[in-house]
Amino acid sequence: MCGVIGVWGCAEAANLAYLGLHALQHRGQEGAGIVSSDGRQLHLERGQGLVADVFGRRDVFDRLPGRRAIGHVRYSTAGSNSLVNVQPLTVQLGGGFAIGHNGNLVNAGTLRKELQDEGAIFQTSSDTEVIVHLIARSRQRSLLNRVIDALGRIRGAWSLVMMTPERLIAGRDPLGFRPLVLGRRPGGGYILASESSALDLIEATFVRDIEPGEIVVIDDDGLTSFHPFPKAGRAACIFEHLYFARPDTALWGQDVYGVRMKLGERLAIEQPADVDMVVPVPDSGVAAALGYAQKLQIPFQLGLVRNHYVGRSFIEPSQQIRDFGVKLKLNPVPTLLKGKHVVVVDDSLVRGTTCRKIVRMLRKAGVESVHLRIAAPPTTGPCWYGIDTPTRAELIAANNEVAEIGRFVGADSIGYLSVDGMHAAVADGSPVEGHCDACFTGRYPVPHDDLERRDQLGLFET
Ligand code: AMP
């Protein structure tokens with residue numbers, strides 16, 4: 001869970017990267033960083049916290065000169081949440097090298113051990129640093145070939161932006177797990193971004209997706225595209241559509257909002273309910289709830305109001321405060337709900353603790369009955385490719401039947417979307433064939449060869 005941006009050939013490049021990172025803030029809230037290039041050297045500014053916290057002062061941009069920049073928002077899925085892991089990572093390689101990574105490598109532990117055995121000293125605990133060491137140790141001559149050599153050795157999910165003072169290099173893993181799009185700014189500059197919504201914000205025009213396995217190099221001669229890896233099928237993360245990407249993003253040829261509406265419509269067909277109103281869990285359940293309500297012609301009501309000023313950073317790991325978390329974020333509208341039969345729609349159910357609190361909250365507000373509908377299948381497996389999910393032990397659906405989950409959350413009824421229904425909703429109108437659905441089916445497209453499955457760091461907080 002991270003977001004990346006690249007800017008090439010634009011005045012105030014670092015400022016554009018900063019604005020773009022704002023549009024990608026949902027992809028990572030632990031840290032943010034920007035590296036700019038003035039053509040001679042790289043300049044880095046980074047810090048922990050939200051984009052506005054890290055880059056909130058104008059003088060930061062005085063220290064980020066040049067018409068080229070890359071940026072990153074971080075949510076750690078490998079490596080701890082500390083400043084040293086905040087990206088872009090920069091190293092003294094050639095005239096300077098910086099890298100920002102969205103995704104997760106499945107052989108980083110093995111490679112790290114191999115590299116350490118050969119004498120490499122790691123500065124961070126992030127899997128991205130493995131890539132840097134592989135580039136540094138490659139026996140290829142040109143930087144591009146060294147990068148390709150290194151990328152050929154890593155496995156898993158990677159959408160990358162890299163920069164030297166003279167060049168921007170970007171690419172996606174051969175299976176295309178995570179998104180990366182190319183845009184153009186008026187006046188000719190290039191933009192790369194995790195999501196098209198970042199292009200919209202900085203008035204760049206969407207050109208195309210970077211293709212799975214494609215590497216692009218942008219320099220003073222323009223953009224050159226390479227396809228150095230054998231074609232390997234497709235594993236576009238379906239959870240980007242369900243939860244992670246912004247609804248206003250165009251993801252792999254489809255608008256996310258439309259897909260979520262269709263997920264809700266399918267859910268209505270598969271799991272109807274005879275109720276007075278449909279209430280979304282904001283914001284993630286809104287589009288699916290709307291699709292659900294429209295399909296069954298039931299009134300859609302914003303019965304839960306979200307406080308948008310509570311960031312994840314305020315939800316501290318202590319259990320006492322975590323229990324507070326949902327109340328800090330959501331509050332019911334009792335006059336709307338009292339005495340009513342209600343369907344609550346959320347995009348996914350992971351540990352079940354959020355829904356349990358929501359159900360309690362709604363009962364306290366006086367609902368007559370509450371029926372939970374989830375616009376995704378049961379989440380039964382952790383993600384190895386960059387979505388922060390808890391360990392299998394914490395995933396309620398990995399260890400319980402649906403009826404037991406219903407009892408745990410305290411709902412009068414519970415219904416999930418089927419795997420086939422999810423695929424049908426996403427496939428409808430999609431130019432992309434082949435989604436990764438491992439978190440729902442256990443079909444992991446790239447096996448994990450690390451001996452020790454990393455602890456998920458307990459960072460998943462709701
Ligand atoms: P829970 O079932 O209590 O673990 O929480 C489920 C809620 O967390 C749903 O509202 C989802 O929108 C949200 N959610 C799902 N996946 C993630 C994730 N990887 N990180 C943060 N929130 C998530």
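Worth saying up front: this structure is predicted, and the values here are computed from it rather than measured. Position 1 is the first residue of the sequence; numbering continues from there. In each ligand, atom 1 is the first atom listed, and ligand 1 is the first ligand listed.
- Near S284, meaning under 4.0 Å from one of its heavy atoms, ligand 1 places the atoms 10 (O), 12 (O).
- Panel note: side chain N307, backbone Y309; a donor-acceptor pair is recorded below 3.5 Å.
- Ligand 1 places these atoms under 4.0 Å from at least one heavy atom of I387: 19 (N).
- Against a heavy-atom cut-off of under 4.0 Å, D388 is close to the following atoms of ligand 1: 18 (C), 19 (N).
- Using a non-hydrogen distance threshold of 4.0 Å, K357 does not register as a contact of ligand 1.
- Of the possible donor and acceptor atoms, none in the side chain of D53 sits under 3.5 Å from a partner among the backbone N and O of G49.
- Here F239 has side-chain heavy atoms under 4.0 Å from ligand 1, and that is the only part of it that gets that close.
- Remark: among candidates A376, C383, S348, the nearest residue to atom 15 (C) of ligand 1 is S348, based on non-hydrogen atoms.
- Remark: ligand 1 atoms within the under-4.0 Å shell around heavy atoms of R351 are 1 (P), 2 (O), 4 (O).
- Heavy atoms of D347 found under 4.0 angstrom from ligand 1 belong exclusively to the side chain.
- Each of the following atoms of ligand 1 lies closer than 4.0 Å to a heavy atom of V350: 1 (P), 2 (O), 4 (O), 6 (C), 15 (C), 16 (N).
- Looking at D347, its side chain never comes within 3.5 Å of a backbone N or O of Y243 through a donor-acceptor pair.
- Neither the backbone nor the side chain of R356 has a heavy atom within less than 4.0 Å of ligand 1.
- Residue contacts with ligand 1 for V281 are absent, since no atom lies close enough (heavy atoms, distance under 4.0 Å).
- For the pair R373 and Y416, the cation-pi test (distance below 6.0 Å, angle within 45°) is failed.
- Close approach to L349 involves these atoms of ligand 1, each under 4.0 Å from a residue heavy atom: 2 (O).
- Residue D346 holds the heavy atom nearest to atom 10 (O) of ligand 1 of all those in D346, T353, V326, I396.
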Evaluate the side-chain contact (heavy atoms from CB on, under 4.5 Å) criterion for residues R27 and Y75: first the C-alpha distance (whole Å), next the side-chain angles of each, then the deciding distance (0.1 Å), finally the verdict.
CA-CA 7 Å; R27 298 186 72 89; Y75 189 114; over 6 Å; no
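- Across every non-hydrogen atom of A69 and L168, the tightest pair is O-CD1, 4.3 Å.
- Relative ring orientation between H435 and H423 is described as tilted, the plane-to-plane angle lying within the 30° to 60° band.
- Relative to the ring axis of Y385, R178 does not place its NZ or CZ within 45° and under 6.0 Å from the centre.
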Give the C-alpha distance, both sets of side-chain angles, the deciding distance and a yes or no for side chain to side chain donor-acceptor pair (under 3.5 Å) between D173 and S159.
CA-CA 6 Å; D173 67 75; S159 282; 5.4 Å; no
